[in-house]
Each structure stands twice: as C-alpha cells, then as structure tokens.
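The next block holds one structure in the form of structure tokens; read it before the comments.
The sequence lines fix the lettering, A, B, ..., with proteins before strands; numbering per chain opens at 1.
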Number of protein chains: 2
Amino acid sequence: MPSTHIIPTLDDVAKAAGVSTATVSRCLNTSEKVSERSRLKVMKAVEMLGYTPNFGARAMAAKRTFTIGAIIPTMENAIFARGLQAFQETLYANGYTLLVSSTAYRPDVEAEQIKALIARGADGLLLIGYERDHSIYKYLERRGVPTLIAWAFAQDSALPTIGFDNRASMRALCDKVLDMGHKKIGFISGIIAGNDRASERLQGVKEGMRARGLDPNDMPVCESTYEIENGANAFETIMQGAYTPTVVMCGNDVLAVGAMQRAHEMGLKVPQDVSITGFDDIELARIVSPQLTTVHVPHREMGSRAAEELTRMVEHVSTGVSCQLDSSLRLRGSLRVLD
Amino acid sequence: MPSTHIIPTLDDVAKAAGVSTATVSRCLNTSEKVSERSRLKVMKAVEMLGYTPNFGARAMAAKRTFTIGAIIPTMENAIFARGLQAFQETLYANGYTLLVSSTAYRPDVEAEQIKALIARGADGLLLIGYERDHSIYKYLERRGVPTLIAWAFAQDSALPTIGFDNRASMRALCDKVLDMGHKKIGFISGIIAGNDRASERLQGVKEGMRARGLDPNDMPVCESTYEIENGANAFETIMQGAYTPTVVMCGNDVLAVGAMQRAHEMGLKVPQDVSITGFDDIELARIVSPQLTTVHVPHREMGSRAAEELTRMVEHVSTGVSCQLDSSLRLRGSLRVLD
DNA sequence: CGTCGAAATGTAAGCGCTTGCATTGTGCGT
DNA sequence: ACGCACAATGCAAGCGCTTACATTTCGACG
C-alpha cells in the first residue's frame, strides 16, 4: 500500500515562493529579518502546500527544541494535575511546549523516560521528588540538561528544588490532630521505597507523636499504592488490628477517600466513630462527605514558579535556585475533637 | 555560561567500539544482523559513554518514529483517563510510544496540536469525536498520516471510528428515566458547538421524550463546560426556572457531581427531591453519595482496540475499520422511581 | 550620480542518524 | 585446498532544517 503523499519540505516552499531555503527558514523563525514582500510570498506558499516544518530536522540543526519534559509518577489521579496544568500554562506563555510522561512510581521506568525525553531534545526537565539513583543525576549532569525538582524541598539537593516541606506539613497536621485529643493514630502511607514525599510525611507524624511523648512504634502503619480501592483495604486492615485508632491519617487524599468509603461500608461513621485526614487537598477532598481534613499544597504556584525558573535555567540566565513554599491546613468535617 | 558537555553521538560510540557507524546503528536497531562479538563491544561503548540516540536524527533518517499521537479535549477530569491509559498500554506492548496533548475543547488549538504532533513525526493519530473542520481532514489526508477517531461511532465517517453510539446510549438512559415515572426532565449539557458527543447525547434525550409524546422543547437545557462548579451553577439555574424538573440528566458525570453538590447546598435531597443522572461512569460516580446513576462506557476496551487498529493502520496491514462498542446503564441511588 | 553601509538574500556546510550497495570474512562441500 | 554462498561489516548518500558567511540590493547622502 505505497501511498505517494506529497510531504512538502522547506525546499518545496522555497521553490514555490521563488526564494532560497534560508529566506523561508528566516521567515518562519525570525520573521523580522525578512522583507515584507518575501514574507508574503513565503506565507502564501506555506499555506498552499500545507507545509509543516519537520521538528526533528529543526531540532538537529538548531540544537534547540523549545520543549520541556516533565516526568511524574502518575497521571491516574489528580495529585499532579493542577500543578502540572499551571506548569504548562506558564511554559506556554514563555514559548515552550510541555511533554509529559509518567512512571507508575517505578524508578526504572523513570530512568527510561528521562532518556527518552532527552533523546527527543528536551531543553529542560522537571522531576518529582529528589530520591533517585545517583547514576541518573550523573547522566543528567553529563548531558548538561537543566533539571528542576518539584513537589519537594531539600536544602542540600544537588539539583534545585521547588516545593514544600512534606515532613513539616504533615507534622503540623499531626499536631492539630493531637491537639484535638486524639491519642491513637493509624497511618496509611503511600509506598515509601523510592518516594521521599511518602517517607517524609510518615516521619512528620512520628515526629509529632514523639514530641507529645507518644511512641510512634505503637502506631499501625499500612503502605498502599495511591488508589482508592487500596486505601480502602488498608483502612480495613488497620481497623481490624488489635490497636483501634480514633483517627486514621493518610499519606494523601486518594487514600483517605478510600478509607472513608470503606469506613462507610464497615458501618463506621466519619467522624463520629473514626476521624480521617488526607494530604494534597485535591478536588476530591471537597466532594466526599463529610469533607476531608487535609493539607493544602500550593499546587498552582509551585507549577508556575517551576516553569519560570526552569526557563531561566534553559536560557542560561540562572543556574537554578531552590524555593520553599508554604502549605496550610484545611480543617473540615472528617476530623473531630475527641471528647 | 557555555558549558562544554560531551554529548556522545553514534560516531563516538563507533570509534570507541572500533567499528563503523553502520554497525552501531544495526546493533541498536536490528541486533540480529550483528555478530555477538561486535554487539558486546558496542554495548560496552554505549554504556561507557552514556549514549542516547538522538531521536530527531533517527526519525529523519528512518522516516519512522514509533510514536503515536493522541489529542484529547482535556486532561483535567477523568473522562478520558481510563481509555487513554488502556490505549497507551496496548501501544506500549506493540512497541510504540504515546504522545498526548489536550485542546481545552478548542478547535483552533486542536488544529495546532495536530500539526505539532505531525511535525514531531507521529506515525499515527488518535482523535476524539468526528466533528471538526473539513480542512483538517484534508490536511490529514494529504500528509497521509493514519488517523483513528475514538469516543464516537459514525458509520459514514471519512476516518475510521471506534466507540459507542452516544445518542442511543443516552436514549436508553432516558427511556429508563421515563419508565420510572419522570415526566419533567432538565438537562445539563456540555458545550455543544464542535462537540458531537455532547450534541448526540442531548439528541438522545429529546428522542426519548418524543417517543413518549413529550415535547422536548419544554425541557430546560443548560450548556456548561465540564467542570464541577459549572455543573453546580447550571443545576441552580435550571431549578430556579419556572419549570421544575423531577430529574436532571447531565451530559457527563462531572456535571452531575456538580449538580449533586449544589442540590445539597440548596437543601434539596437526592433522590428524594430531585433525581440526577450522569454519563461516562468515571470513578467519581461511585464516590459521591448517593452513588450516581449513569451510562457505563467501555473505556478500556475502546482504548486498547483503538491502539490495535491504529498500529495496524500505521503498519499498513489495515486501512482502518470502524468498530461499534456497547454501553450499558448503571442504575444507582441518585435516580429514584417517581411515586 | 557615485559611494557606502545596512538590509535582504543566497550558498553551502553541517546536525546525528539509517540503509542500499559494495566489500570483506566465514564455514562448508567437494 | 578451492570456490561458493551467505553472514558481517563498511562506505557514503541522503533525511529537512538552521546559520555563518558571502553576495547582492537598496536607499540615503554628498
């Protein structure tokens, strides 16, 4: 089925317009360097032929793609959606295109995606969290691709980070929970291996407990992937243990919603029988009833700042400066004061 | 800040391995045509140099990228998430990479994205719905890029379609609603202009009403973008009109959830005071309470079938065959029998 | 009108890869 | 030991674009 489609090239346009390829190229890129007369001729030819520049060729010749890559753990729930949206909007405003891929939280997939994005000529990269194999950082360094880390903040990171302090944020929530009289906490965590956000959040709770003289080792902790169903299962596991918490804190909102659902199915009223908290404050948190107490994260601000800084890095006006943002608590119906 | 990073090329690898560039290339692509001995040498060199092939150059030389592009209206809600996930999984299994971009339901943005994806060398394209400007179809045809349309089914489409009958599906739900004794329906639709799914769904309801001798013109219809908040506003608008429906049917689940929320805020009990229905059966539908009555769509099957067919088209073993899938009703708590 | 500088354009050398074709190496039958 | 078929490799021509540099054009000014 060898179809002979005419895929017009720069040459074709040049011929049709009666100018050289250089003029066409200039017209398409730096149109101010071209006379109005030839600009018109060229535009007409482009239109007529249905010409679209070949990105690969362009990238190869210009050594620049105006593309930024972002690699996130998952697209399946909304955790990264809002931040990424802001990231892309800001990028777009600066003349860049965003390419996104996801890793399903698998480090090996992430490594692969990084290479793929670099192969595609990404001028810069956005990564989530700082915890990854050293070889990846070495590779990034050697290729000289500007890279920024978001959704986490670490003073001593090799790469610039922009985000919030996951541990302190969860600690603040934990303090609040304890203030409200809770003494028995259960915790549903995301998978900790290779995920600094998850482990920092767990640490935050433990830290809070210790500060009140409670032993974190008493706390039942259940690790679960970030899916509603699994959050539900984790909740059940915890509640069926010998140690019955009065509050189940969750590593993120998705898990918390799962927990709420299962609580309902088990005949437990939230918050009368058990309180539940989340993290992230995604849309879901206000859709469930009772609404979810959680930690609000400045997703949009983080996304757009990341975009600004990364473009600066790509354009060599900055070598990358870290930036810490604040989170805040959202106290809602799913958490109650213990009598 | 001119950093001199060594970005290794095929040439460097060839030199380091002591073979020709052709051998390295073959080793990386068709490794069966290379002796074990040189394969090892090459691999070692690749490893040592941290080589990653330049995608643009490769695409240009091979005229093939093993990349498929998908352009969807939005990533912000989960409507397309599950189907796209299946699409990408199947693609991946067939050795292809997926590139996704979204249009915010704007035809002009879609046209731009199509060109961008083609410029990036997409071997094939997945588009949502069939309603778009003729010039786009012409462009696609001229470039000879295999394109498949999903989330809709149309016998007479120029391009192969894979999906379900939006009108018949909504009609089935409407029939059910009428069976349950409802006579006064309100409808919250997605924006209809340029969106065949939205308009077909509305038609489905009108069709159902006519079949029972009801006048569709009596029905209050409110168009809204697919956001929870806007669905809520639309609900309020409809309920404050002179004509008070006993059921509000929605063009999709997101709108329906918004409607439910506002109903709650307005002190209306669902389904006692008003019934609400959705469309799509996304996860959200079972998270809200009462759970949402909706139309279940075989997202995953649609996605993976689309991937299969599109790869066949790209590999020239099919010119594209359409495929109609079935939807089904999910009757849940948000819809009640009218006394 | 001739001159000169700036603006506009053209020429052509790559960018890093694949692949058809030519060449070399290998193992086998006789 | 010789020749043959075939596997393995190398050579080099592009793929479509950008851009440094060379050349032409043009208008302004003396």
*Record whether the side chain of Arg26(B) comes under 3.5 Å of the base of dG20(C) through a donor-acceptor pair of N or O atoms.*
yes
*For Glu32(A) and dT9(C), give me the distance from atom CD to atom P, rounded to whole Å.*
13 Å
*Using only side-chain N and O atoms of Thr9(A), determine if any of them is under 4.0 Å from OP1 or OP2 of dG16(D).*
no
*Are Glu308(A) and Arg305(A) within salt-bridge range, i.e. N to O under 4.0 Å?*
no
*Quickly work out the Asp11(A) CG to dG14(D) P distance and round it to whole Å.*
13 Å
*Separation of Arg58(B) atom CZ from dC15(C) atom P, in whole Å?*
19 Å
*In whole angstrom, give the distance that lies between atom NZ of Lys33(B) and atom P of dG25(C).*
21 Å
*What integer distance in Å separates Asp12(B):CG from dC17(C):C1'?*
13 Å
*Between dG16(D), dT18(C), dG10(D), which nucleotide gets closest to the side-chain atoms of Ala61(A)?*
dG16(D)
*Please check if any side-chain donor atom of Ser135(A) sits under 3.5 Å from a side-chain acceptor atom of Asp133(A), or the reverse.*
yes
*Closer than 4.0 Å, any side-chain N/O of Thr21(A) to the OP1 or OP2 of dC17(D)?*
no
*Where the side chain of Asp12(B) meets the backbone of Leu49(B), is there a donor-acceptor pair that is under 3.5 Å apart?*
no
*asked:* Using heavy-atom distances to pick each residue's nearest nucleotide on DNA chain C, tell me which of Ala62(A) and Glu36(A) is more 5'.
replied: Glu36(A)
*Short N-O contact, Glu47(A) and Lys44(A), less than 4.0 angstrom*: no
*Name the nucleic acid region contacted by Ser25(B), choosing base, sugar-phosphate or nothing; use a 4.0 angstrom heavy-atom cut-off, strictly under.*
base
_Nucleotide nearest Leu10(B) when distance is taken to its side chain, options dC17(C), dT9(C), dG10(C)_ = dC17(C)
*Which nucleotide in the list dG16(D), dG10(C), dT9(D) gets nearest to the side chain of Ala22(A)?*
dG10(C)
*Assess whether side chain to side chain donor-acceptor pair (under 3.5 Å) is satisfied between Arg120(B) and Ser101(B), documenting all intermediate values.*
CA-CA 12 Å; Arg120(B) 280 199 146 78; Ser101(B) 59; over 6 Å; no
*So, do Arg64(A) and Val314(A) sit near enough that their side-chain heavy atoms are less than 4.5 Å apart?*
yes
*asked:* Taking any heavy-atom pair under 4.0 Å as a contact, classify Tyr51(A): base, sugar-phosphate, or nothing.
replied: sugar-phosphate
*Specify the separation, in whole Å, of atom CZ of Arg39(A) and atom C1' of dT9(C).*
16 Å
*Which of these nucleotides, dT9(C), dT9(D), dT18(C), is closest to any side-chain atom of Asn29(B)?*
dT18(C)
*Taking only the side-chain nitrogens and oxygens of Ser38(B), find out if one of them lies under 4.0 Å from OP1 or OP2 of dT9(D).*
yes
*Let me know the distance between CG of Asn54(A) and P of dC15(C), rounded to the nearest Å.*
18 Å
_Please compare Ala57(B) and Val34(B) by the position of their nearest nucleotide in DNA chain D and report the one closer to 5'._
Val34(B)
*Rounded to the nearest Å, what distance is computed from the NZ atom of residue Lys15(A) to the P atom of nucleotide dG10(C)?*
13 Å
*Any side-chain N or O of Lys63(A) under 4.0 Å from OP1/OP2 of dG14(C)?*
no
